[in-house]
Colleague: 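Pasting in a structure now, in structure tokens, and then I'll have a few things to ask.
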Amino acid sequence: GFPGAPGTKGESTYIQRSAFSMGLSTKTSLPNVPIRFTKAFYNEQRHYDDSTGKFRCVFKGLYQFSYHLTVYMKDVKVGLYRNNKPVMFTFDQFQTGNVDQASGSVLLHLDVGDEVWLQIYGDESFSGIYGDNLNDSTFSGILLYPDQDNL
Amino acid sequence: GFPGAPGTKGESTYIQRSAFSMGLSTKTSLPNVPIRFTKAFYNEQRHYDDSTGKFRCVFKGLYQFSYHLTVYMKDVKVGLYRNNKPVMFTFDQFQTGNVDQASGSVLLHLDVGDEVWLQIYGDESFSGIYGDNLNDSTFSGILLYPDQDNL
Amino acid sequence: GFPGAPGTKGESTYIQRSAFSMGLSTKTSLPNVPIRFTKAFYNEQRHYDDSTGKFRCVFKGLYQFSYHLTVYMKDVKVGLYRNNKPVMFTFDQFQTGNVDQASGSVLLHLDVGDEVWLQIYGDESFSGIYGDNLNDSTFSGILLYPDQDNL
Ligand SMILES: [Ca+2]
Ligand SMILES: [Ca+2]
Ligand SMILES: [Ca+2]
């Protein structure tokens, strides 16, 4: 008889990617609205919208979000929001002559369409996040584990 | 005769995942024992045990560990422990009216069964890590490179 | 008949890896030259050269760089350099009795041969980065998304 058919092809990993790394260009951050990070270190897929300040999930999976904030002139209280609900808070007090750094990171599983952003939590007295050409405040995110049923 | 049986399937990439992202629910952290982070942002595989405060390695490979601590009322000195030995230390002093943030991250190659946790290093005077509903202190870890001989 | 030939191999992800996680062994950091982190938490591929303080890109792709610095005795102003140009800055002021922590992280797409390092930005008065056996200052990097045309 004839040889059998060739075996089936092995599974491949279709590669899904989503990442952004943005910096603050402005010296002030308004309360009650998403903070807009407009300096792009990386935003290839444009899943971070610098006109709204929001990241929008295109690929379901586990993401890492990180932020590093320069605390200057005022205290800083910031919430990491997911769809209008703050899920994590970072608080750092300022004292004259003592610029500080405050940072946070978290892993979150997101569904398609979920939005994530940073926002001052409270009034203007908590809005001391600073950025200029020589002082960065940054916000980054990256898809680390795409859901397997995406593939 | 009949055709032979189909060939064997090609190699696939079997996907190994391990990640946790936890927050502190309590206002105080005891010295000399692992800090228990009991608020789960993500702990799907349950490799972080919130009853002991320890992460236990199930898949051999390279992990990233990160922590972000709110420093309040006391100084903070914390060690990142691997199997009863501190491998990295973070120190931040507190002054009245100046809540601070202290953070650390490291890449560690772990073997199956290795345990990793955070613990106050020193006496109670170094235990000023704070967490409540609106102030987070967090500890996260993720398997970034599973060892290739796992596959 | 005989069994068929084996199936073709699935597209496998040829695995490219590059990661380092280093700590400061020395109490002082000189301005105007790359900071040399000589304590290795992980440096398997040796893409970080602890004799120069520079990471050198071997695999094109998206990298995450993170640093966590102990601020002691002096202010700290540090630049993350890519090929002789600072791309990100972190500033933290020191006050007596108030050791601080300053951190930064960013995602950068690198080409083969690109070099990345940390360096004091400004004169010696900004060089207050501290490290010893029980106080860490660290610098880490990891290839998260190798370029697909590498494969
Ligand atoms: Ca400071
Ligand atoms: Ca502070
Ligand atoms: Ca401090």
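The shown structure was predicted, so the numbers you read here are calculated from the model rather than taken from an experiment. Below, chains carry the letters A, B, ... as their sequence lines are ordered, and counting in each starts from 1.
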Colleague: My understanding is that only one of C:F37, C:F20, C:Y81, C:W117 makes a ring pair (Phe, Tyr, Trp, His ring centres under 6.0 Å) with C:F55; could you say which?
Modeller: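 With C:F55 as partner, C:F37, C:F20, C:Y81, C:W117 yield a single ring pair (Phe, Tyr, Trp, His ring centres under 6.0 Å), made by C:F20.
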Colleague: Nearest 0.5 Å, what's the CD-CD1 distance between C:Q148 and A:I15?
Modeller: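 Interatomic distance, C:Q148 CD to A:I15 CD1, rounded to 0.5 Å: 4.0 Å.
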Colleague: A:L69 versus chain C, heavy atoms under 4.5 Å apart: side chain, backbone, both or neither?
Modeller: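 Neither part.
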Colleague: So, the side chain of A:D147 versus the backbone of A:D149: is there a donor-acceptor pair under 3.5 Å, distance only?
Modeller: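 Not at all, since once roles are kept as given, no pair shorter than 3.5 Å links the two residues.
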Colleague: If you tally heavy-atom pairs under 4.5 Å against chain C, which of A:I142, A:V71, A:L134 wins?
Modeller: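 Of the candidates given, the most pairs with chain C belong to A:L134.
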Colleague: Tabulate, in ascending numerical order, the residues of residues 102-113 of chain C having at least one heavy atom closer than 4.5 Å to a heavy atom of chain A, or enter 'none'.
Modeller: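 Only C:A102, C:S103, C:G104, C:S105, C:V106, C:L107, C:L108, C:H109 of residues 102-113 of chain C have a heavy atom under 4.5 Å from chain A.
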Colleague: In terms of heavy-atom pairs under 4.5 Å with chain C, which of A:S140, A:G97, A:G131 leads?
Modeller: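 Most pairs with chain C among the choices: A:G97.
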Colleague: Which region of C:Q101, side chain (C-beta onward) or backbone (N, CA, C, O), has a non-hydrogen atom less than 4.5 Å from a non-hydrogen atom of chain A, or is it both or neither?
Modeller: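 When you check distances to chain A, only backbone atoms of C:Q101 fall under 4.5 Å.
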Colleague: Are A:F126 and A:Y121 close enough that their ring centers fall under 6.0 Å?
Modeller: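 Between A:F126 and A:Y121, the centre distance exceeds or equals 6.0 Å.
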Colleague: Quick check: are there more than 12 heavy atoms from other residues, nucleotides or ligands sitting under 6.0 Å from CD of A:Q45?
Modeller: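 More than 12 within 6.0 Å, yes.
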Colleague: Who among A:F139, A:Y130, A:Y72, A:F41 has the most heavy-atom pairs with chain C under 4.5 Å?
Modeller: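 Most heavy-atom pairs under 4.5 Å with chain C: A:F41.
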Colleague: Between C:T90 and C:Y67, do the side chains contain an N or O donor and an N or O acceptor separated by less than 3.5 Å?
Modeller: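 Result is yes, a qualifying pair exists.
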Colleague: Rounded to the nearest 0.5 Å, what separates atom OG1 in A:T70 from atom CG in A:D132?
Modeller: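 Between A:T70 OG1 and A:D132 CG, I get 8.5 Å after rounding to 0.5 Å.
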Colleague: If you count heavy-atom pairs under 4.5 Å between each of A:L144, A:N133, A:N98 and chain C, which one has the most?
Modeller: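 The candidate making the most pairs under 4.5 Å is A:N98.
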Colleague: Here's one to test your reading of the geometry: is the NZ or CZ of A:K77 within 45 degrees of the ring axis of A:F91 and under 6.0 Å from its centre?
Modeller: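 Because its charged atom sits under 6.0 Å from the ring centre and within 45° of the axis, A:K77 does stack over A:F91.
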Colleague: Between A:T138 and A:G23 (side chain of the first, backbone of the second, donor and acceptor by atom type, cut-off under 3.5 Å), is there such a pair?
Modeller: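 Answer holds: no.
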